[in-house]
Asks: 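Supplied in structure tokens, the structure appears directly below.
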Amino acid sequence: MKKIIVEKLKYRYPMTGKLALDNLSFTVEQGELIGIIGANGAGKSTLCLALTGLVPHFYRGAYGGKVVIDGLEVIKSEISELALHVGIVFQNPFTQVTGSKLTVYEEIAFGLENMGLDRSEMTARIDEALHLLDISQLKDRDPFQLSGGQMQRMAIASVIAMKPGILVLDEPTSQLDPQGSDEVFKAVRRLAKEGMTVIIAEHKIEKIAAYADRVLVLYNGRLIDFDTPHKIFSRTDLLSYGVPAPVYTQICQALGIQHPRSGTYPVTLEEAYLAMVNQHGDSLC
Ligand SMILES: Nc1ncnc2c1ncn2[C@@H]1O[C@H](COP(=O)(O)OP(=O)(O)O)[C@@H](O)[C@H]1O
Ligand SMILES: [Mg+2]
């Protein structure tokens, strides 16, 4: 089922002369985990905003083409209605914490309180969100005593407790250490497995290579390619769009170690290791 349909989307911020999104067309299926990559200023954040309806309902400007989320055309829908279908998590978990709640549990409950749910439904949703993000053991903790990775997972839990079918994350791990980043990626992978459609704009190429089903490359607001991590990171012109391939891919490219049939290169450490072992017929360790 097509969860997101983008057709000839164009967008320019008010008082600017340049398109931030330039004629984008693509579709996303339910349960896919999509990575958005591109240099600074490529349009990643703007695309995230357009997929949630904040562009053009909050950020005005010139808008053309069409975005359809869960069957709702963004431009014809209220932001309050769209919010039931798509949730967004930003870079810095601190900005998304209410600051007024004493525990992680209350923080997650906060977003649900205005939804008119009965008590048992609320409790069930909070427990499920805690479980999916693997933070049940933290439910009585003070949100401000958490690590960055834990706090970001709490922010994601607060959004998914509202049960949007689509979750958009704009560089959610940029403030996090490697362990925190891993926690977040593992959590969103789990959510996608449960059927949630996940869109994640991210600088950490190695993480996108390891976790995304497909990768969308933006350059100057234009869609350069949208394909599997193997296809995307095997492109030899990727760097000209300001995006390096994962280091493992670069090493295999330099050594000429590629998949015999598809011609693509390994994108993770494990794949690179296996490819080298196979090529040399014995273990490298
Ligand atoms: N609030 C804004 N007002 C005007 N221009 C903006 C605004 N936010 C981003 N832009 C411009 O839109 C383009 C895309 O930016 P952005 O979506 O933030 O890229 P990325 O997230 O890939 O770094 C850039 O040229 C940037 O300068
Ligand atoms: Mg950005």
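Both counts, for ligands and for their atoms, begin at 1 and track the order of listing.
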Asks: Under a 4.0 angstrom heavy-atom cut-off, which atoms of ligand 1 come close to A39?
Replies: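 By the 4.0 Å cutoff, the relevant atoms are 22 (O).
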
Asks: Using a distance threshold of 4.0 Å (strictly less than), state whether atom 27 (O) of ligand 1 has a protein heavy-atom neighbour.
Replies: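 Neighbour list for atom 27 (O) of ligand 1 is empty of protein heavy atoms (cut-off 4.0 Å).
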
Asks: Using a 3.5 Å cut-off on N or O atoms only, is T16 in polar contact with ligand 1?
Replies: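 So ligand 1 has no N or O lying under 3.5 Å from an N or O of T16.
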
Asks: Answer yes or no: is there a donor N or O on one side and an acceptor on the other, between the side chain of S262 and the main chain of H259, under 3.5 Å?
Replies: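 A pair under 3.5 Å: no.
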
Asks: Between E29 and K3, does any NZ, NE, NH1 or NH2 come within less than 4.0 Å of an OD or OE carboxylate oxygen?
Replies: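 Judged by the 4.0 Å cut-off on N to carboxylate O distance, K3 and E29 do not form a salt bridge.
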
Asks: Using distance alone, determine whether P14 and ligand 1 share an N or O pair under 3.5 Å.
Replies: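 In this structure, P14 places no N or O atom under 3.5 Å from an N or O of ligand 1.
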
Asks: Check each heavy atom of K18 against ligand 1 and say whether those closer than 4.0 Å belong to the side chain, the backbone, both or neither.
Replies: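 Only the side chain of K18 comes within reach of ligand 1.
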
Asks: Please confirm if an N, O or S atom belonging to S45, backbone or side chain, lies less than 2.8 Å from the Mg ion (ligand 2).
Replies: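 Yes - counting backbone and side chain alike, S45 has an N, O or S atom under 2.8 Å.
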
Asks: So do M276 and L255 actually touch side chain to side chain, heavy atoms under 4.5 Å?
Replies: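 Contact flag for L255/M276 side chains = yes.
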
Asks: Starting from atom 8 (N) of ligand 1, which protein heavy atom do you reach first, and at what distance in Å?
Replies: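 Result: Y13 CZ, 3.4 Å.
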
Asks: Is there at least one pair of N or O atoms, one from A20 and one from ligand 1, spaced under 3.5 Å apart?
Replies: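 Looking only at distances, the answer is no, because the N/O contact criterion of under 3.5 Å is not met.
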
Asks: Distance under 4.0 Å to a non-hydrogen atom of N40: what atoms of ligand 1 satisfy this?
Replies: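 Going through ligand 1 atom by atom, the ones under 4.0 Å from N40 are 23 (O).
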
Asks: Which atoms form the tightest heavy-atom contact between P164 and G87, and what is the distance?
Replies: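 Of all heavy-atom pairs spanning P164 and G87, the closest is CB-N, 3.6 Å.
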
Asks: Return the option from G41, S45, C48, G61 holding the heavy atom at the smallest distance from atom 14 (C) of ligand 1.
Replies: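 Of the listed residues, G41 has the closest heavy atom.
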
Asks: Hey, is CZ on F110 packed in by over 12 heavy atoms from elsewhere, all under 6.0 Å?
Replies: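 Result for CZ/F110: open.
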
Asks: When you look at OH of Y13, are more than 12 heavy atoms from neighbouring residues, nucleotides or ligands closer to it than 6.0 Å?
Replies: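 Correct, the count exceeds 12.
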
Asks: Within the distance-only criterion (no hydrogens, no angle test), does the side chain of T228 pair as donor or acceptor with the backbone N or O of K231 below 3.5 angstrom?
Replies: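 Confirmed, T228 side chain pairs with K231 backbone.
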
Asks: Among all protein heavy atoms, pick the one closest to atom 19 (O) of ligand 1 and tell me residue, atom and distance.
Replies: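 Result: G43 N, 3.1 Å.
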
Asks: Return the residue, atom name and 0.1 Å-rounded distance of the protein heavy atom closest to atom 15 (O) of ligand 1.
Replies: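 I find the closest protein heavy atom is T46 OG1, 3.8 Å.
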
Asks: If you count the non-hydrogen atoms of other residues, nucleotides and ligands that lie under 6.0 Å from CD in E121, is the total more than 12?
Replies: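 Above 12, so yes.
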
